[in-house]
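This report refers to the structure that appears directly beneath it.
For the numbers below, each heavy atom of this structure counts, side chains included, while hydrogens, waters and symmetry mates do not.
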Amino acid sequence: MQRLATRQSPAAKASERAYIGWIKERGICAACGNDGGVIAHHCMGSTYKVHVGLERVQIGNWFVIGLCQACDNIVTRQSRKAFTAAFGGQSKLWLKQAEEYPVEIPLQIIQGISRCGR
């Protein structure tokens with residue numbers, strides 16, 4: 001189900017939707033490596049923005065990792081702290097997952113997620 005775009009939460013761009021689709025199609029959990037089905041987990045929410053240089057860059061729809069149901073339950077039902085203790089930071093998991101993406105991800109997005117510190 002797609003949310004309708006509003007002023008506060010613009011719709012995902014085609015490149016962002018393609019990335020999220022690739023995560024679901026790939027079907028490998030970024031945390032434990034399970035190759036069952038995955039949930040596209042927005043690490044900071046779909047509208048999250050970060051400063052890269054002098055510019056604010058929206059990274060929310062790019063900062064998505066594929067998680068199996070068990071790993072998703074840790075981050076959503078327990079806490080981010082418990083998830084980080086078990087698997088490491090979400091930005092590191094994202095960078096590892098993004099290395100396999102066949103299309104080039106914009107440099108500002110990579111820099112923004114790297115600086116996010118989650």
Side-chain angles (χ1 to χ4, degrees):
M1 180 178 202
Q2 292 278 331
R3 274 182 20 187
L4 293 175
T6 65
R7 187 166 180 236
Q8 288 78 26
S9 62
K13 297 177 181 140
S15 58
E16 296 165 340
R17 286 193 308 271
Y19 178 71
I20 294 170
W22 173 79
I23 289 171
K24 291 177 181 177
E25 183 180 301
R26 178 176 174 252
I28 299 173
C29 179
C32 69
N34 184 3
D35 64 351
V38 297
I39 297 166
H41 169 70
H42 284 79
C43 298
M44 297 298 292
S46 62
T47 60
Y48 188 71
K49 296 178 184 176
V50 66
H51 285 281
V52 177
L54 298 175
E55 204 173 328
R56 273 188 92 178
V57 179
Q58 183 171 349
I59 62 169
N61 282 320
W62 280 105
F63 197 10
V64 176
I65 57 176
L67 296 177
C68 66
Q69 185 66 54
C71 294
D72 187 64
N73 284 342
I74 293 171
V75 75
T76 56
R77 303 219 172 155
Q78 293 181 24
S79 67
R80 286 186 184 167
K81 190 180 278 189
F83 183 85
T84 302
F87 303 109
Q90 293 182 34
S91 57
K92 289 183 180 168
L93 294 173
W94 183 89
L95 289 168
K96 186 174 134 186
Q97 174 182 271
E99 288 175 355
E100 299 177 27
Y101 188 54
V103 180
E104 189 173 340
I105 297 172
L107 182 60
Q108 286 184 319
I109 300 298
I110 295 169
Q111 290 173 337
I113 292 172
S114 297
R115 293 178 185 171
C116 185
R118 291 258 177 199

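- Under the ring-ring contact (aromatic ring centres under 6.0 Å, His included) criterion, Y48 pairs with no residue at all, not counting sequence neighbours.
- Within the model, atoms CD1 of I28 and SG of C68 stand 12.0 Å from one another, a figure rounded to the nearest 0.5 Å.
- Smallest separation of non-hydrogen atoms from V52 and Q108: CG2-O, 3.8 Å.
- Considering CZ of R56 and NE2 of H51, their distance stands at 5.0 Å, rounded to 0.5 Å.
- Every residue was checked against the side chain to side chain donor-acceptor pair (under 3.5 Å) condition with Q111, not counting sequence neighbours, and none meets it.
- Judged by distance alone, with hydrogens and angles left aside, the side-chain atoms of Q97 form a donor-acceptor pair with the main-chain N or O of V64 at under 3.5 Å.
- W94 pairs by the side chain to side chain donor-acceptor pair (under 3.5 Å) definition with Y19, not counting sequence neighbours.
- Interatomic distance, I113 CD1 to M44 CE, rounded to the nearest 0.5 Å: 11.0 Å.
- Two different hydrophobic clusters hold Y101 and I39 under the rule that ILVMFWY side chains link at heavy-atom gaps under 4.5 Å.
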Would V103 and W22 satisfy side-chain contact (heavy atoms from CB on, under 4.5 Å), going step by step from the backbone distance to the final call?
-> CA-CA 10 Å; V103 180; W22 173 79; over 6 Å; no
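- In this structure Q69 satisfies the side chain to side chain donor-acceptor pair (under 3.5 Å) test together with N73, sequence neighbours excluded.
- The shortest side-chain heavy-atom distance between F63 and V50 does not fall under the 4.5 Å cut-off.
- Among residues two or more places apart in sequence or in another chain, the salt bridge (Lys or Arg N to Asp or Glu O under 4.0 Å) test is passed with E99 by none.
- Atom CG of L67 is separated from atom CD1 of I23 by 9.5 Å, given to the nearest 0.5 angstrom.
- Heavy atoms only, all atoms of each residue included: A31 and F83 are closest at CB-CZ, 3.9 Å.
- Looking at R17, its side chain never comes within 3.5 Å of a backbone N or O of N61 through a donor-acceptor pair.
- Counting all heavy atoms, side chain and backbone alike, A40 lies closest to K24 at CB-CE, 3.9 Å.
- I105 contributes atom CD1, which lies 11.0 Å from atom CD of E16 (distance to the nearest 0.5 angstrom).
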Tell me, with the steps shown, if L95 and I110 meet side-chain contact (heavy atoms from CB on, under 4.5 Å).
-> CA-CA 8 Å; L95 289 168; I110 295 169; 4.1 Å; yes
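- Summarising the geometry of G89 relative to T84, their closest heavy-atom pair is N-CG2, 4.1 Å, with the distance given to 0.1 Å.
- The CD1 atom of I65 lies 12.5 Å from the CD1 atom of I20; values are rounded to the nearest 0.5 Å.
- The heavy-atom pair separating C29 from C71 by the smallest distance is SG-SG, 3.7 Å.
- For E100, the side chain to side chain donor-acceptor pair (under 3.5 Å) partners two or more places apart in sequence, or in a different chain, are R26.
- Scanning all heavy atoms of the two residues, the minimum distance from P106 to W62 falls at CD-CZ2, 4.1 Å.
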